[in-house]
Structure formats: C-alpha cells, structure tokens
Amino acid sequence: MPSLFALLDCNNFYVSCERFFNPGLADQPVVVLSNNDGCIIARSNEAKALGIRMGEPYFKCKPLLEYYRVRVFSSNYALYGDMSQRVMEVLGRLEPEVEVYSIDEAFIRLPATGEESLRRLGTEIRGTIRRETGIPVSIGFAPTKTLAKLANRMAKKQVEHGGVFGLLPEHDITAFLKDIGAGEVWGIGSRSAQKLAAHNIRTAYDLSRADERWLKKNLSITGVRTMYELQGISCFPLEEMPQPKHSLACSRSFGAPVRELGEMHEAAVSYVSRAAEKLRAQRLKAGCLTLYLTTNRFRTDQPQYANSRTVSLPCPTADTAELIIQAGRCLKELFREGYVYQKVGVVLSDLLPEHLHQANLFVTPSPHRDTLLQALDRINLRWGKDTLQYASAGFSKQWHHRQERKSPSYTTSWRELPVVRAF
DNA sequence: TCTGGGGTCCTAGGACCC
DNA sequence: TCTGGGGTCCTAGGACCC
C-alpha cells in the first residue's frame with residue numbers, strides 16, 4: 001500500500017505552554033519574546049488578530065501591546081523543551097513511524113488508507129495529545145512532506161476542519177495550489193520567492209509546473225525537489241533516526257552594551273562553558289572551536305565591526321578549561337578597542353563521539369579530568385545552572401541578556417514547581 | 001535605550017595533485 | 001603568438017528552516 005505523510009504541529013506552541021500552567025491566559029492575547037526580550041516569536045490567535053506581526057521587535061510594538069493589555073512573556077526554553085518531549089512521547093506511543101522535526105513539529109508516515117479513516121486517526125491523535133499534555137495540535141495529511149505542510153496550514157486556518165485536514169490525490173490539489181503564494185511553500189524563502197516572481201512564478205501551482213532546468217540553475221537541486229513534492233512525488237523521506245550533529249553553538253546578545261575586553265571575556269567564557277556542557281550531555285567531543293563577535297548591525301550610526309577566528313584543537317575535547325583557554329586566545333586576537341559590541345558567540349565543530357579517542361603523542365590525557373567534569377555536571381544538574389562555574393565567567397554579569405518576563409520553570413526546577421491551593 | 005538563537009544543505013571557486 | 005586536463009577536497013557564503 002502506498003504511504004502518506006502527516007505533519008503534526010503544535011498550535012502557537014510557546015503560548016500554549018504558558019497557558020497550560022496559567023489558565024488565566026486562556027482567551028487572552030498572549031505573546032512570547034525571543035531571547036534578550038528582542039522580538040515577538042509566538043502569538044496567540046487573539047494577538048494575531050490584533051495585527052501583531054511575527055518577528056516584530058518588542059520595543060517597536062510595546063505601545064500597541066500595552067494598549068491592548070497583551071500578556072508578554074520572555075522565552076522559557078526549559079519549559080518548552082520539556083513540554084515538547086511530552087508531546088513527542090505521546091505521539092511515539094500512538095504511531096510507529098515518527099520523525100521529530102522541530103520543537104513543535106513531527107512528521108508521521110502512514111499507510112494510505114481512505115480519507116475517513118485518516119480523519120478519525122487524526123482526531124484521535126489530537127484528542128489524546130490534548131488530554132495528556134494540554135497542548136492543542138493540528139494535523140495535515142498528504143502524499144509528500146511539502147504538501148503535508150500546506151495541509152497542516154489549512155487545518156489550522158479553517159476551524160471548520162476541526163484541526164485535521166487531508167490534501168489527498170482524489171482532491172483537486174491544482175485548485176488548492178493556485179491559491180497559495182510560491183513564497184509560502186516550505187523551502188522557498190524570501191530570496192527564492194523574489195527570483196521566482198521575476199520569472200513570473202507566483203503561486204505554488206506555477207512552481208509545481210516550472211521548468212526543471214531553470215529551477216536547478218536558479219534554486220539548486222532543493223528547488224527541483226520542492227517542485228516534485230508539489231506534484232505529489234515524494235523527494236524528502238521520513239528520517240526517523242536523528243542524524244549526528246556537525247556543530248553546536250552558544251551565543252547571546254548582550255543585555256547592555258559591552259565595550260571592554262574584560263566583560264567580553266566573561267561572556268565568552270560563560271558561553272563556552274554552556275557549549276561544553278551541551279557537548280558532554282550529548283557524549284561528544286569537539287575538534288574545532290570558532291569564536292565570533294559583532295557590533296549591533298542596526299545601529300548604523302555607530303562604527304561596525306564583526307569578525308571570527310577558528311582554531312583546530314590539538315586533541316578533540318569536551319573539557320571546559322581547555323576550550324576556555326582556546327577561546328581566550330581567539331578573543332585576544334579579535335577584540336578591537338573603540339567599538340560598542342552587541343554579541344559574542346562560540347561554535348564547536350568537527351564533533352565526534354567521546355569514545356572515539358585519537359591519541360596525541362604530545363598530549364597526555366589526565367584520568368582525573370573526566371571524573372571532575374562529571375562531578376561538575378552532576379552538581380549543576382542537581383542544584384541548578386552555574387552552582388559551580390569558572391571564576392572567569394564573572395559574577396556580576398552586567399552584560400547578561402534581558403529576561404524580564406520569564407514564567408517559572410514549572411516542570412524542570414524543584415524550586416519552581418507550580419503551587420496548588422485549596423480554598 | 002531597545003531588533004533571537006541554533007542548525008542544515010548546497011554551490012562556486014580555489015588549491016592541490018598527477 | 002601559442003604553456004593541459006581532469007579529478008578531489010576544502011571553504012566561504014548564501015539560503016533556508018523553526
């Protein structure tokens with residue numbers, strides 16, 4: 001039997017997470033901000049209806065938000081990550097072939113049964129996830145991932161479908177695609193949409209019938225695959241096994257401008273420490289470290305500077321201390337006086353599993369380091385982030401990113417458990 | 001005053017080798 | 001006058017995603 005794809009997508013996911021622990025937010029306009037309280041990255045339907053746009057800088061729409069008494073939250077990734085896991089666990093129990101695609105989305109492969117049985121299945125999955133996690137989801141069915149994305153959008157947009165919508169071969173997919181802009185298709189960003197429009201390809205339907213050679217030349221092979229997917233020919237398979245990571249990063253914009261090397265060094269050490277923690281949590285080592293820094297590109301009135309340095313490590317490592325030393329050297333080379341810096345970041349690459357050990361003639365590994373690092377991680381896991389930290393990460397952290405409206409980490413911190421009162 | 005963060009894939013072009 | 005050709009590997013930059 002031919003197979004179909006379903007895309008399950010959590011509705012306004014971050015807002016739904018906030019609402020689950022704070023029922024007073026139901027029916028209220030709610031938004032969630034990006035890190036550093038910079039931009040709007042999630043909106044409730046009520047907030048969308050007020051015309052608040054995705055990606056809008058917070059400071060620009062603050063008056064509007066206050067006027068309409070929109071409830072505003074800093075992002076709380078500990079909470080969202082944990083809620084995501086719950087949703088994916090329930091889904092994994094219900095369906096055998098699942099690809100977790102992002103924090104709030106999963107693809108599912110299903111046998112191509114009739115529309116009615118798909119609708120029943122979708123409704124059942126929706127109900128179970130809602131009941132067991134409190135998160136509302138929408139589900140779209142179609143012969144390819146790209147079409148399932150579009151079907152999902154329809155499931156969300158038109159409430160009469162009850163959160164489940166199928167874009168199946170027996171339907172008139174052509175008419176449907178004519179109503180969709182080429183730029184709304186998964187994989188077609190604004191740059192590609194511009195190129196397509198200049199070539200008079202404006203709708204998803206136009207794209208599905210584009211000239212293959214022209215597409216290959218202008219949008220690369222991925223554009224060609226998208227074209228076939230729109231025709232119902234699957235080119236993106238379900239990837240149940242997550243691919244090993246090639247890189248891992250940590251960076252933050254500063255909460256207050258940074259001008260001095262000392263402060264910059266503290267921030268760099270903090271992010272390197274976090275990146276090294278992630279590395280160890282995933283049982284990886286890094287062979288390469290990149291440090292980069294940049295001024296605020298929006299402040300065109302100020303002198304601009306951005307630069308990066310990459311070093312190969314003498315021996316792949318996940319040891320915070322070694323990575324801090326390397327990052328410190330990079331920073332010394334990169335830092336220039338006289339600029340107002342906005343951000344520093346670290347990228348670890350050439351990742352490999354920790355058990356693959358390549359010995360280095362000139363480096364003697366200390367047997368105690370691993371034990372020490374394990375102890376460090378255990379203590380910070382048990383007693384909270386940065387209970388133990390390197391002194392060079394600083395203690396006052398004036399540069400620390402803003403996070404003024406964060407909800408408690410209800411599900412991941414003993415100190416922040418929700419409190420239930422009986423009257 | 002104030003504009004996120006983390007990740008992937010693809011391609012062109014240069015370096016290098018024989 | 002006139003100075004090869006083909007293959008591989010690596011990297012930077014562009015574009016995309018959520």
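Per chain, numbering begins at 1; letters A, B, ... match sequence-line order.
Heavy atoms of A:Y58 sit nowhere under 4.0 angstrom from any nucleic acid atom. Using a 4.0 Å heavy-atom cutoff across all strands shown, A:E105 reaches sugar-phosphate atoms only and no base atom. When heavy atoms are screened at a 4.0 angstrom cut-off, A:V185 is found touching the sugar-phosphate backbone but no base atom. Residue contacts shown for A:H246 are limited to sugar-phosphate atoms, with no base heavy atom under 4.0 Å away. Among the atoms of the strands shown, only primed sugar atoms or phosphate atoms (P, OP1, OP2) are found under 4.0 Å from some heavy atom of A:L248. Heavy atoms of A:I103 sit nowhere under 4.0 angstrom from any nucleic acid atom. Backbone-only engagement by A:D104 is indicated by non-hydrogen atom pairs under 4.0 Å involving sugar-phosphate atoms exclusively. At the heavy-atom level, A:K216 lies under 4.0 Å from the strands shown only through sugar-phosphate atoms. A:K149 comes within contact range of the sugar-phosphate backbone alone, with a heavy-atom separation under 4.0 Å but no base atom that close. A:E56 comes within 4.0 angstrom of nothing in the nucleic acid, heavy atoms only. Contact annotation for A:R297: no contact, since no heavy-atom pair falls under 4.0 Å across all strands. A:I188 comes within 4.0 angstrom of sugar-phosphate atoms only, judged by non-hydrogen atoms across all strands, and of no base. When heavy atoms are screened at a 4.0 angstrom cut-off, A:K62 is found touching no nucleic acid atom at all. Among the heavy atoms of the strands, none lies under 4.0 Å from A:S75.
For the pair A:S75 (side chain) and A:L33 (backbone), a donor-acceptor distance under 3.5 Å is present. The backbone N or O of A:R71 lies less than 3.5 Å from no partner atom in the side chain of A:R405, so there is not a single donor-acceptor pair. A donor-acceptor pair under 3.5 Å is absent between the side-chain atoms of A:S208 and the main chain of A:L230, judged by distance alone. Between the side chain of A:N152 and the main chain of A:S138, a donor-acceptor pair closer than 3.5 Å is present. Side-chain atoms of A:N36 come within 3.5 Å of backbone N or O of A:R402 as a donor-acceptor pair. Side chain of A:E229 to backbone of A:F236: a donor-acceptor contact under 3.5 angstrom is found.
Using cut-offs of 30° and 60° for the angle between ring planes, the A:Y80 and A:Y77 rings count as perpendicular.
For A:C250 and A:G255, each mapped to the nucleotide of DNA chain B holding its nearest heavy atom, the one lying further toward the 5' end belongs to A:G255. Each of A:N36 and A:R225 was assigned the nucleotide of DNA chain B with the nearest heavy atom; the assignment lying further toward the 5' end belongs to A:N36.
One C1' atom belongs to C:dG4, the other to B:dC17, and the distance between them is 14 Å to the nearest Å.
If you walk DNA chain C from 5' to 3' and mark each nucleotide with an atom closer than 4.0 Å to a heavy atom of chain A, the marks span C:dA15 to C:dC18.
For C:dC18, the paired nucleotide is B:dG5, the pair qualifying as Watson-Crick or G-U wobble because both relevant distances are below 3.5 Å.
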